[in-house]
Amino acid sequence: MTLASWNVNSLNVRLPQVQQWLQANPVDVLGMQELKLADERFPHAQLQESGYCATVLGQPTYNGVALLHRSPAHEVVRNLPGLDDPQSRVISASVDSEWGRLRVINAYFVNGQEPGSEKFAYKMHWLAHLKQFVQEQLQQYEHLVLMGDFNITAQDCDSWDPQGLRDTIHHTQQERQAFQDLLDMGLVDAFRCFEQPEKSFSWWDYRMLGFQKNRGLRIDYILVSTALRPRLQRCWIDRTPRKWPKPSDHAPVLVSLGDAKAQTAT
DNA sequence: ATGACCGTTCCCAACGGA
């Protein structure tokens with residue numbers, strides 16, 4: 001089975017591209033972030049035509065997340081329990097797979113704007129609650145995937161300019177420690193389980209020909225629990241839709257999970 | 001050094017994004 005994560009930067013604008021992409025990439029689950037639309041404006045009918053049911057936590061103008069799935073979703077949790085947050089950033093659900101239930105957490109991490117700002121403080125506070133939630137979910141679900149727009153570069157190699165951007169937003173030690181804390185709970189960055197091209201990124205600034213010059217960041221991730229690690233078959237970033245007219249600034253990241261006997265991950 | 005591009009909104013200029 002294949003899962004994907006994509007920050008679509010407005011589903012209103014991007015719906016045709018999402019549908020076109022799904023036709024070429026008939027994934028089993030797609031986690032989307034930055035829907036920028038309210039629940040009642042979610043295009044359920046159009047996505048149904050593409051073969052998907054949707055579990056949605058919308059919000060007008062900002063944020064908003066959804067899971068698209070071919071089979072029904074169960075045990076849906078919206079946002080982070082215990083955090084009173086008006087921003088719609090997390091949606092979690094269980095879907096059935098060949099080896100049993102798979103828990104999927106789809107999150108749009110806080111941007112944080114600038115270290116030291118109020119928004120950065122909110123980012124760290126939100127991350128603390130996310131970590132607690134993921135910890136609880138891991139105790140409950142062995143087969144777990146945490147996907148989304150993390151708004152963190154995990155390592156220097158995930159940034160086009162790690163020296164110039166040192167200690168700026170997405171590059172701080174605090175953010176990277178939070179990322180590491182998630183790994184330490186028993187998650188692995190699926191992308192780094194495979195050999196990857198140098199300078200693999202998932203986001204490029206619209207300005208300054210960022211994409212053409214490959215001045216990007218890898219801030220979109222799919223982490224899988226240790227129990228799923230032997231099932232990892234492939235993880236990649238699909239830059240194709242970033243080349244389309246009026247693209248999202250993010251590219252989708254995909255992961256294929258299969259038979260545990262296929263030990264291709266390094 | 002600065003801004004640059006995009007999507008959003010009852011202020012269509014100002015904000016948020018990363």
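Chain identifiers are assigned alphabetically (A, B, ...) following the order of the sequence lines, protein sequences preceding nucleic acid strands; residue numbering begins at 1 within each chain.
- Nucleic acid contact class of A:Asn7 (heavy atoms, under 4.0 Å, all strands): sugar-phosphate only.
- Rounded to whole Å, the separation between the P atoms of B:dC10 and B:dG16 comes to 14 Å.
- Between A:Asp189 and A:Arg218, at least one side-chain N (NZ, or NE/NH1/NH2) sits under 4.0 Å from a carboxylate O, which counts as a salt bridge.
- For the pair A:Leu11 CG and B:dT8 C1', the computed distance is 15 Å after rounding to whole Å.
- Looking at A:Asn111, its side chain comes within 3.5 Å of the base of B:dA18 through a donor and an acceptor atom.
- Between A:Ser159 and the choices A:Arg215, A:Arg166, A:His171, the side chain to side chain donor-acceptor pair (under 3.5 Å) rule is met once, by A:His171.
- Across all strands, A:His171 comes closer than 4.0 Å to no nucleic acid atom at all (heavy-atom distances).
- In this structure, the ring of A:Trp204 has its center no less than 6.0 angstrom from the ring center of A:Trp160.
- To the nearest whole angstrom, the two C1' atoms, one in B:dG17 and one in B:dG3, are 15 Å apart.
- Considering only side-chain N and O atoms, A:Asn151 lies under 4.0 angstrom from the phosphate OP1 or OP2 of B:dA18.
- With B:dT8, B:dA18, B:dC6 as the choices, the nucleotide that has an atom nearest any side-chain atom of A:Tyr206 turns out to be B:dC6.
- Between B:dA18, B:dG7, B:dT9, one nucleotide has an atom nearer to the side chain of A:Thr61 than all others, and that is B:dT9.
- Closest to the side chain of A:Lys119, from the set B:dG17, B:dA18, B:dG7, is B:dG17.
- Checked against B:dG3, B:dG7, B:dT9, the side chain of A:Met208 finds its nearest nucleotide in B:dG3.
- Rounded to a whole Å, the CG atom of A:Asn63 is 15 Å from the C1' atom of B:dT9.
- Counting to the nearest Å, the C1' atom of B:dG17 and the CZ atom of A:Arg89 are 11 Å from each other.
- Here the separation of B:dG7 from B:dA18, taken at their P atoms, is 14 Å to the nearest Å.
- Taking the C1' atom of each, B:dC6 and B:dC12 are spaced 15 Å apart, rounded to whole Å.
- The listed nucleotides are B:dG17, B:dG16, B:dA18; the one nearest the side chain of A:Tyr62 is B:dG16.
- For A:Asp205 and B:dA4, the CG to C1' distance is 8 Å, given to the nearest whole Å.
- Among the heavy atoms of the strands, none lies under 4.0 Å from A:Asp220.
- Residues A:Ile219 and A:Lys36 each lie close to DNA chain B; by heavy-atom proximity, the contact nearer the 5' end of the strand is made by A:Lys36.
- Per the geometry, CD belonging to A:Glu34 stands 19 Å off P belonging to B:dC5, to the nearest Å.
- The same atom, P, is picked in B:dA14 and in B:dA4; the two are 13 Å apart, to the nearest Å.
- The side chain of A:Arg14 places an N or O atom within less than 4.0 Å of a non-bridging phosphate oxygen (OP1 or OP2) of B:dG7.
- At the heavy-atom level, A:Leu209 lies nowhere under 4.0 Å from the strands shown.
- If you measure from atom NZ of A:Lys213 to atom P of B:dA4, you get 16 Å, rounded to the nearest angstrom.
- Distance A:Gln59 CD to B:dG16 C1': 12 Å, rounded to the nearest Å.
- Note on A:Phe191 and A:Ile219: separate hydrophobic clusters, where clusters join Ile, Leu, Val, Met, Phe, Trp and Tyr whose side-chain heavy atoms are under 4.5 Å apart, directly or indirectly.
- Residues A:Arg103 and A:Glu142 are not paired through a salt bridge, judged by the lack of any N-O separation under 4.0 Å between the basic side chain and the carboxylate.
- At least one side-chain nitrogen or oxygen of A:Tyr108 sits closer than 4.0 Å to the OP1 or OP2 atom of B:dA18.
- In this structure, the NE2 atom of A:His170 is 9 Å from the P atom of B:dG17, given to the nearest Å.
- Here A:His250 reaches the OP1 or OP2 of B:dA18: one of its side-chain N or O atoms lies under 4.0 Å away.
- Between A:Phe179 and A:Phe150, the ring center distance clears the sub-6.0 Å criterion.
- For A:Arg41, the side-chain atoms get nearest to B:dT9 when compared with the rest of B:dG16, B:dC5, B:dT9.
- Separating the P atom of B:dA13 from that of B:dT2 is a span of 25 Å, rounded to the nearest Å.
- At a threshold of 4.0 Å, the pair A:Arg70-A:Asp28 does not count as salt-bridged, since none of the basic side-chain nitrogens sits closer than that to a carboxylate oxygen.
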